[in-house]
Every structure is written in C-alpha cells, then in structure tokens.
Amino acid sequence: NPAREVSVNVNAPLLVIAAGGTGGHMFPAQSLAEEMLARGWRVKLSTDARGARYTQNFPAGVEITEVSSATFARGALLARALVPLRILGGILGATVSMLRDRPTVVMGFGGYPSIPALSAATLLGLPRGIHEQNGVLGRVNRRFAPRVGAVACGTWPTALTDGVNAQHTGNPVRATVKDRAGAGYIPPGDYPMSLLVIGGSQGARILSDAVPAAIALLPEDLRQHLRIAHQARDEDGARVTEFYAARGIDADVEPFFHDIPRRMSEAQLVISRAGASSVADLTVIGRPSILVPFAAGMDDHQTANARGLGETGAAIVIPESLLTAEALAEQITTILTQPEGAEAMARAALALGKPDAAATLADLVEALAAQKGQK
C-alpha cells in the first residue's frame, strides 16, 4: 500500500502481530503497534478481511498483510472441510515469510489469523506470546497458551488452563481513550445529564429494546434532565429514534459513534455490553456503568469481563435473563439520584483501570526478545 510507505530502519528489531476478527482483538493490537514503533521497532500486522476493517487508524509504519479467513464456526460444510488445508497453507506461507524476514518476537491477539503466525513461530523456535483480552481464554489462545513464552491478560482474573501462568497487563486502549484517562467526573444532579448507551461496534438489539422503555419509566423530574446518546444497529435506529421523539426525550441515535471516548468522559452513566474494549475504556476513563453481558458469548466471556467491576461496586451487572425495562429503570434511578454513590462507582472503576497497559505489554515483548531457543 503506497499510502503506508514510510522510512524504516531495516536493522531494527521486528515484531509480528497477528490478530483478527473483531475490534476487541484489533484495538489492543493497534495500541501495541503504536508503542513498539515509538520504541524504534519495526511492526508487521497479519490479519484477515474482518480485522482489516479496523486497520485504517493503524500507524503508517505498520506493514499490513491480509490472510484468508479460516474458521470452523461459519460457512457451508465444504467450506468448513477445507479450513484445515487453508490453515496449513497459511502456516507454510507464514514460515516462508519469517525465514525471509526473521521476527524478533511474534505476538498473537486471538482470532484465526493468529494460527499461522504462532504456528510458524513455534516451528522456527522464535520468541512468542499471546494477549487475551477477555476473562476467559479464546479458542486460539487456549491452544497456544502452553506453547508460548508469555501469556498476557487484559482482564483479571482470567480463567486459565492448568499449568499456564499469566501476567495481568490490562487491555491497551486507543490514544483517544488514554487522552481522557481519569477525566474528572461530574456527579448526577439537577442539571442536564448525559447517558451513553453502547453495545459494541454494531450496537445491541437487546439494549435497543430495553433502554428506551426503561427511560420512559423514569420519574419525570429525572427524565427531563437526561440527554441520551444511543448506539443502535441500522435496522433498529428508526424505531428507537421514533420512540424517544414521541415521548419528548432528548436522544442522539446513531449506528456508530466515532467519538465514544469524548461521550464516555462526559457521561454521568454508561449502559453497555461487557466487551473487553468497552470495559477497558470504562476503567481507564472511570465511569459508573450498568453492564449487560452478551449471553451467547463463547464460554460466557462477557460475564467474566464484567465480574471485577460488579464485585468492586464499579458497575451494576444485569444478566440478559433478568433484563426488563422495570429492572433497568430502577437501577438507572438509583444511580442518577444518589450522586455520592455514583461518584463512588466512578472511583471504583478508575481503580481497576490500566492506562499504561500498552507500555506494560511492550515491556513484556522486549523481555521476550531476550529469550532464545523456545520450543
């Protein structure tokens, strides 16, 4: 990509980052790439078509390679049957690439694009590690955890397989989030208050069903002070907008907010899924939240992500099975009518934050670089 051509020192140590699939994998990978470039390293990224959607904001100095997606979870029977061959081809290709330009360290962030890079690094005995964003090891990271020199965890505690030791680095956050780390919290009061509703990069249907109905149930003297920023899927946006408008509720409904760090820092309360990146943002900025973990997540990992916030009083955690408009309205009312309690939630969230996670993870990469002859 000519637009990414920059001057690089070919003698600098090389980090290969393998990540794919979702923003949950890609955002921490981007943060590490930024930190390693600042430390004088070269960085290459290996990702798939889904992960490539998140590469627009990667630094220009990162060399990006797109590999074919290969997952057993989707597609027709024949396509799934060909997955092992595609993975094998990817491993061979990654091995040849690493023989031509030998990495100093290889780091996997989960997703199937991690398989070729980590497998090739294992075959060549290169220093390698993985970063797990969620409170439960994903399938790919679970397989490689016993075979790498370091396992970094974004959420703590993380459920680990027997014999695997890990380091709590935290989840690296984007620069726009770190810029607002610990931003002063304005507690709820008798003035315009901001409520942010986010459900991951694509919004969440269940939040579009429950949140507007809950807002409508709030006492009038509370509701009239609220300004809602609600992220909703395209197919839900019109009905959510109409619901708020019909009840005179001040609401900005969009399929995606490009300025979530700003909106979060200005919010008195955040209602969200419990994705790893969202949880990291909440703890670095320090905001009270109501979390609704995605029940269908593999190994119920979002419940694991939310556990620390729930146990320390930083968040109210409501399982999907218990989410009703009435239950949600009660929690919203409790938080927004008790300013001291809301402030305590904000402080508890901030206490869990790891704003320097990217630097900690970079230190781990440099420690791996000192290791030789892994098996």
Side-chain angles (χ1 to χ4, degrees), residues 1-69 90 93-118 120-121 126-133 140 150 152 154 169-179 201 258 261 276-277 280 356-366 368-369:
N1 186 343
R4 288 188 169 272
E5 289 181 2
V6 295
S7 177
V8 296
N9 177 6
V10 296
N11 295 317
L14 170 64
L15 170 65
V16 169
I17 296 174
T22 68
H25 296 311
M26 298 298 291
F27 291 148
Q30 175 187 330
S31 298
L32 177 61
E34 292 167 348
E35 180 69 23
M36 297 311 295
L37 288 174
R39 296 188 183 200
W41 283 55
R42 289 186 296 138
V43 180
K44 292 184 178 182
L45 170 71
S46 178
T47 189
D48 60 4
R50 292 196 303 150
R53 296 177 301 174
Y54 298 92
T55 60
Q56 293 181 353
N57 294 322
F58 268 68
V62 177
E63 180 182 328
I64 298 174
T65 301
E66 188 174 319
V67 299
S68 61
S69 298
T95 302
V96 171
S97 176
M98 290 181 187
L99 286 171
R100 289 174 178 166
D101 190 7
R102 195 174 183 89
T104 309
V105 177
V106 176
M107 283 294 297
F109 279 77
Y112 279 83
S114 292
I115 296 177
L118 288 172
L126 300 175
R128 56 202 179 274
I130 59 174
H131 180 275
E132 175 57 55
Q133 299 82 53
V140 175
T169 60
N171 278 316
V173 296
R174 293 159 289 171
T176 51
V177 176
K178 191 172 180 180
D179 287 344
S201 59
H258 294 279
S277 291
D356 296 324
T360 303
L361 189 56
D363 291 343
L364 184 148
V365 169
E366 293 186 331
L368 279 172

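Quick caveat: nothing in here was measured; it's all calculated off a predicted structure.
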Main-chain N/O of [Y] paired to [X] side chain as donor or acceptor, under 3.5 Å:
| X | Y | value |
| --- | --- | --- |
| Asn171 | Gln133 | yes |
| Thr104 | Leu14 | yes |
| Thr95 | Ala120 | no |
| Ser97 | Ala94 | no |

Problem - Spacing of CZ belonging to Arg50 relative to CE belonging to Met26, to within rounding of 0.5 Å - result: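 Atom-to-atom, Arg50:CZ and Met26:CE are 11.0 Å apart.
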Handout entry: Distance (rounded to the nearest 0.5 Å) between Glu63 CD and Asp101 CG
Key =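 It is 7.5 Å, given to the nearest 0.5 Å.
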Do you know the tightest heavy-atom contact between [X] and [Y]?
| X | Y | answer |
| --- | --- | --- |
| Thr176 | Pro261 | O-CB, 3.5 Å |
| Ser31 | Val173 | OG-O, 2.9 Å |
| Glu66 | Asp48 | CG-C, 3.8 Å |
| Ala29 | Ala19 | CB-CB, 4.1 Å |
| Ala117 | Ala18 | CB-CB, 3.6 Å |
| Leu118 | Gly129 | CD2-O, 3.9 Å |

Quick one, [X] and [Y] - any side-chain contact, counting heavy atoms below 4.5 Å?
| X | Y | answer |
| --- | --- | --- |
| Met107 | Leu15 | yes |
| Lys178 | Asp356 | yes |
| Asn57 | Arg174 | no |
| Ile17 | Met36 | no |
| Val177 | Phe27 | no |
| Phe58 | Leu45 | yes |
| Tyr54 | Thr47 | no |

Practice task
Go through the structure and list residues passing ring pair (Phe, Tyr, Trp, His ring centres under 6.0 Å) with His131, not counting sequence neighbours.
Solution key: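 For His131 the ring pair (Phe, Tyr, Trp, His ring centres under 6.0 Å) partners, ignoring immediate neighbours, are Phe109.
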Practice task
Kindly indicate, with the supporting measurements, whether the criterion side-chain contact (heavy atoms from CB on, under 4.5 Å) is fulfilled by Arg102 and Leu126.
Solution key: CA-CA 9 Å; Arg102 195 174 183 89; Leu126 300 175; 3.5 Å; yes
Practice task
Please list, chain by chain and in numerical order, all residues satisfying side chain to side chain donor-acceptor pair (under 3.5 Å) with Arg39, sequence neighbours excluded.
Solution key: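 With sequence neighbours excluded, Arg39 shows a side chain to side chain donor-acceptor pair (under 3.5 Å) to Glu35, Asp363, Glu366, given in chain and number order.
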